Number of protein chains: 2
Amino acid sequence: MSTDMEKVDKAIDLLKDSGVRITPHRHAILEYLVISESHPTADEIYKALEHKFPNMSVATVYNNLRVFKKTGLVKELTYGDASSRFDFSTKPHYHIICNKCGKIVDFYYPGLNEVETLAAQVTGFTVNGHRLEVYGICPDCQNKAAKDKDGDHPDQVSVTE
Amino acid sequence: MSTDMEKVDKAIDLLKDSGVRITPHRHAILEYLVISESHPTADEIYKALEHKFPNMSVATVYNNLRVFKKTGLVKELTYGDASSRFDFSTKPHYHIICNKCGKIVDFYYPGLNEVETLAAQVTGFTVNGHRLEVYGICPDCQNKAAKDKDGDHPDQVSVTE
DNA sequence: CAATGTAATTATAACCATTTTAATGTGATA
DNA sequence: TATCACATTAAAATGGTTATAATTACATTG
């Protein structure tokens, strides 16, 4: 178990070892990815840091996220037309995503080697990896839905869709 | 085992039952989805049909794909910034995707209920479903790579990234 | 066989996340 | 200090997809 600071430092060491120059921007973006404990979009990162770097361009955020991706520090999560989200990933893990509010929560699962093996056998592909996401409704949205129904006190507005 | 024609007819019946008007465009798009045996992009469908319907607009393709999605006949496969691909799906199945050429091949797997159950327990979500894709290199691209190398005949090529 | 209203289609413009470009700035190294 | 590679900026371009408004086709009813 390591603190956020330690995670950032470790990431920075890894970047340095790969010959990546550590700029204030890069430090800040990394730090935000670690501290936010979430899976922010490029724009969220940009907005979160623009008070600190008033001249920073969005392109810088994208450029640096790409650098982080190349070193394997960060994974890009893509979901159709919406913005990509960026995941500072230490351990391999899967995501469960709320269909109502879009929240993304990590969970661990032993691995799905069996699926990979079967897919390889059946299709003749050589397999590199896989992607798995589970979809559902998060506890918060479940509660909101329950409250909306109760008796009929619409003192809470139902949102949905 | 049913023929392509039967599949199309069945799909059309289903659409009619849902009150969807069957226009020549819709018939042609459906037919292309079934016959192509692939997972075309909206633009591929558009290009494939523009000789038959010289005045057809791209918007029509998108509109009708959305109609098909609503009835559950077609699934949209989204991969980041690239174009969506559309899958005329009869049985549930998974996809394995070539990292080199982008080819998508179907395969079947008993099901991953266990993952869903575990994810639900750990996160408190109620689960609706999941998405799984396997990535690798397709046989064609393996052969191409082998041929490119052929000084020292590696009968199996290891690929990464 | 009109007349009517609804749904489909067209053409074009708008959208928006992301990337590219070209110019400028910065920092490490020798 | 000179140099050179790399970072950053600002703005424009890209490209898939959607929205808009006008037009057209179709099914239904009288």
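Chain naming here is simple, since letters A, B, ... match the order of the sequence lines and numbering starts at 1 in each. Computed from heavy atoms alone, side chains included, the values below leave out hydrogens, waters and symmetry copies. Model, not experiment: these values are computed from the prediction.
If you take CG of B:Asn63 and C1' of D:dT17, they are 11 Å apart, rounded to a whole angstrom. As rounded to whole Å, 13 Å separates atom C1' of D:dA7 from atom CZ of A:Phe53. The separation between B:Tyr62 atom OH and C:dT10 atom P is 15 Å, rounded to whole Å. One atom, CD1 of B:Ile22, and another, P of C:dA7, lie 15 Å apart when rounded to the nearest Å. When the P atom of D:dA25 is taken as reference, atom CG of B:Asn55 falls 10 Å away, rounded to whole Å. Atom pair A:Glu50:CD and D:dA10:C1' shows a separation of 15 Å (rounding to whole Å applied).
Side-chain proximity of A:Thr60 to the nucleotides D:dA5, D:dT8, D:dA10 is greatest for D:dT8. Distances were taken from every side-chain heavy atom of A:Ser57 (C-beta onward) to each of C:dA11, C:dA8, D:dT9; the shortest belongs to D:dT9. Distance from the side chain of B:Arg21 is smallest to C:dA8 among C:dT26, C:dA8, C:dA11. Distance from the side chain of A:Ala59 is smallest for D:dA11 among the nucleotides C:dA11, D:dA11, C:dT9.
Among the atoms of the strands shown, only primed sugar atoms or phosphate atoms (P, OP1, OP2) are found under 4.0 Å from some heavy atom of A:Ser84. Contacts of B:Asn64 with the nucleic acid, taken as non-hydrogen atoms under 4.0 Å apart, involve only primed sugar atoms and P, OP1 or OP2. Within the nucleic acid shown, B:Ser83 comes within 4.0 Å of sugar-phosphate atoms alone, with no base atom in reach, counting heavy atoms only. When heavy atoms are screened at a 4.0 angstrom cut-off, B:Thr23 is found touching the sugar-phosphate backbone but no base atom.
Counting heavy atoms of neighbouring residues, nucleotides and ligands inside a 6.0 Å radius, atom CD of A:Glu50 exceeds 12 of them.
The only member of A:Tyr32, A:Tyr46, A:Phe53 that meets ring-ring contact (aromatic ring centres under 6.0 Å, His included) when paired with A:His25 is A:Phe53.
Residue B:His25 has a polar side-chain atom (N or O) positioned under 4.0 Å from OP1 or OP2 of C:dT9.
With hydrogens and angles ignored, the 3.5 Å screen pairs no side-chain donor or acceptor of A:Ser18 with any backbone N or O of A:Val20.
The shortest side-chain heavy-atom distance between B:Thr117 and B:Gln121 falls under the 4.5 Å cut-off.
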